[in-house]
Amino acid sequence: MPELPEVEVVRRGLERWVAGRPVSGVEVAHPRAIRRHVAGAHDFAARLTGRTIEAARRRGKYLWLPLKGADEASGAEEALVAHLGMSGQLLVVDPGSPPEKHLRVRFSFADGGPELRFVDQRTFGHLLVAPLVDGVGGRVPEPIAHIAPDPLEPAFDADAFAARLRARRTGIKRALLDQSLISGVGNIYADEALWRARLHWARPTETLTRPKINELVTAVREVMHAALAEGGTSFDHLYVNVNGESGYFSRSLAVYGRRDEPCPRCGTPIRRDPFMNRSSYSCPRCQPRPRRARI
DNA sequence: ATCGTAGCCTGGAGGC
DNA sequence: TGCCTCCAGGCTACGA
């Protein structure tokens with residue numbers, strides 16, 4: 001379940017192990033992995049083969065690898081875009097190592113060094129090649145131009161976020177999970193940040209004061225920085241970083257996945273509520289349900 | 001325009 | 001033991 005901190009760990013791994021290397025081969029083992037590359041697997045491979053990866057960038061949970069040189073036909077700058085979904089991994093492995101059970105796409109390099117492999121059990125992740133366009137905070141891949149900056153980016157505008165948030169007519173957690181308002185916040189860190197800010201997940205956005213919104217943004221940043229410092233959250237074998245190393249932030253979570261365990265702040269048993277066919281974890285005492293709740 | 005929901009997908013857990 | 005159902009969850013498409 002990679003969220004922003006985990007994706008950032010992967011980005012750093014890609015920057016170190018893949019940037020500057022020329023792609024020599026692309027093998028799409030499972031077409032669903034490139035379903036958002038509408039021109040298909042052949043085009044996907046053709047756009048990458050012979051190109052050199054320049055760098056590794058990230059916004060929210062999206063990664064992209066800008067490619068050196070423009071596309072010959074369109075003249076556009078392009079990038080390999082990746083979203084890990086729930087279970088996606090980008091692994092840097094020895095070319096001779098046996099294929100992983102859920103290997104979806106394999107990239108080889110002209111330098112003969114380690115391969116890059118996209119492995120994804122639940123197939124919610126995807127890869128595509130897309131042109132770069134001008135967006136908030138710089139050049140971004142066209143398909144993700146609608147995603148708002150994440151709270152760790154310099155381009156994140158807290159004033160604009162607060163204004164748009166208060167104009168919404170929904171619950172705060174639903175708004176936090178809306179990647180067009182603020183990107184990179186998933187179910188885990190939404191619950192953790194709301195707990196830190198002592199906000200119930202169903203609190204109507206229009207009732208939030210500016211100081212409370214600032215507190216919430218600070219809480220989001222703190223929980224992400226904490227996760228990043230520990231190498232990202234991990235619950236099981238599914239999440240590993242680019243080198244195959246597991247993160248271990250899960251033991252630091254205050255409420256997520258801790259139903260009936262004591263709140264670290266007041267000792268009240270943590271509750272689990274159904275939310276959008278999923279779960280919300282919160283402390284009944286620190287985060288009382290508002291009288292007018294918006295789900 | 002904005003808000004809310006169904007559906008995508010696999011495998012582990014737990015019930016019987 | 002094996003079969004069944006539930007659960008995890010980011011994102012898109014679509015309906016209201």
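Between the CZ atom of R35(A) and the P atom of dG7(B) there is a distance of 17 Å, rounded to whole Å. Taking atom CD1 of residue I188(A) and atom P of nucleotide dA8(C), one finds them 11 Å apart after rounding to whole Å. Following rounding to the nearest Å, D120(A) (CG) and dG10(C) (C1') show an atom-to-atom distance of 12 Å. One can place CD of Q89(A) at 14 Å from C1' of dT10(B), the figure rounded to the nearest angstrom. Protein atom OH of Y281(A) is 9 Å distant from nucleotide atom C1' of dA8(C), rounded to whole Å. Atom CZ of R122(A) is separated from atom P of dC9(B) by 14 Å (rounded to the nearest Å). Regarding I295(A), its CD1 atom lies at a distance of 11 Å from the C1' atom of dG4(B), rounded to whole Å. One interatomic measurement links the two molecules: CZ of R259(A) to P of dG14(B), which rounds to 12 Å at whole-angstrom precision.
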Show me the donor-acceptor pairs, under 3.5 Å and distance only, between side chains in residues 220-227 of chain A and residues at least two apart or in other chains.
unit_1: R221(A); atom_1: NE; unit_2: P151(A); atom_2: O; d: 2.7
unit_1: R221(A); atom_1: NH2; unit_2: P151(A); atom_2: O; d: 3.4
unit_1: E222(A); atom_1: OE1; unit_2: R196(A); atom_2: NH1; d: 3.4

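Counting only residues at least two apart or on different chains, the salt bridge (Lys or Arg N to Asp or Glu O under 4.0 Å) pairs with a member in residues 105-114 of chain A are R21(A)-D111(A), E27(A)-R106(A), R106(A)-E115(A). Applying the ring pair (Phe, Tyr, Trp, His ring centres under 6.0 Å) test to residues at least two apart or on different chains, the pairs with a partner in residues 191-213 of chain A are W201(A)-F275(A). The salt bridge (Lys or Arg N to Asp or Glu O under 4.0 Å) contacts involving residues 266-287 of chain A comprise R271(A)-D273(A), where partners must be two or more places apart or lie in separate chains. For residues 92-120 of chain A, no residue pair satisfies the ring pair (Phe, Tyr, Trp, His ring centres under 6.0 Å) rule, not counting sequence neighbours. Here salt bridge (Lys or Arg N to Asp or Glu O under 4.0 Å) pairs that include residues 174-184 of chain A, with residues two or more places apart or in two chains, are R168(A)-D178(A).
The ring-ring contact (aromatic ring centres under 6.0 Å, His included) test applied to F161(A) returns F156(A), not counting sequence neighbours. By the side-chain contact (heavy atoms from CB on, under 4.5 Å) test, A190(A) is found to be paired with K173(A), L176(A), L177(A), V185(A), residues two or more places apart in sequence or in another chain being considered.
By the 4.5 Å heavy-atom criterion applied to side chains, P131(A) and S74(A) are not counted as neighbours. Within the 4.5 Å cutoff, the side chain of R12(A) has heavy atoms near those of the L228(A) side chain.
For dT10(B), neither phosphate oxygen OP1 nor OP2 lies less than 4.0 angstrom from any side-chain nitrogen or oxygen of H102(A). At dT12(C), one or more side-chain N or O atoms of R36(A) fall inside 4.0 Å of OP1 or OP2 (strictly under the cut-off). For the OP1/OP2 pair of dG11(B) and a distance below 4.0 Å, the side-chain nitrogens and oxygens of K101(A) include at least one atom meeting the criterion.
Closest approach of L128(A) and R36(A) over heavy atoms only: CD1-O, 3.5 Å.
Of the residues in residues 167-183 of chain A, R168(A), R169(A), T170(A), R174(A) come within less than 4.0 Å of DNA chain B through at least one heavy atom, sorted by number. Contact check of residues 270-279 of chain A against DNA chain B (heavy atom, cut-off under 4.0 Å) returns N277(A), R278(A). Using a 4.0 Å cutoff on non-hydrogen atoms, the parts of residues 123-159 of chain A near DNA chain B are T123(A), F124(A), ordered by number.
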Can you check side chain to side chain donor-acceptor pair (under 3.5 Å) on S183(A) and D150(A), steps first, answer last?
CA-CA 5 Å; S183(A) 67; D150(A) 67 60; 4.6 Å; no
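In summary, of the residues considered (K68(A), R139(A), R47(A), R51(A)), a salt bridge (charged side-chain N to carboxylate O under 4.0 Å, His left out) with E77(A) occurs for R139(A) alone.
Comparing the helix axis at one end of the helix from dT2(B)-dA16(C) to dC16(B)-dG2(C) with that at the other, each defined from 5 consecutive pairs, gives an inter-axis angle of 50° (nearest 10°).
Taking every side-chain heavy atom of Q121(A) into account, dG11(B) is the closest of dG11(B), dA8(C), dC11(C).
When hydrophobic clusters are built by joining Ile, Leu, Val, Met, Phe, Trp and Tyr residues whose side-chain heavy atoms come closer than 4.5 Å, directly or via intermediates, V129(A) is not grouped with W64(A).
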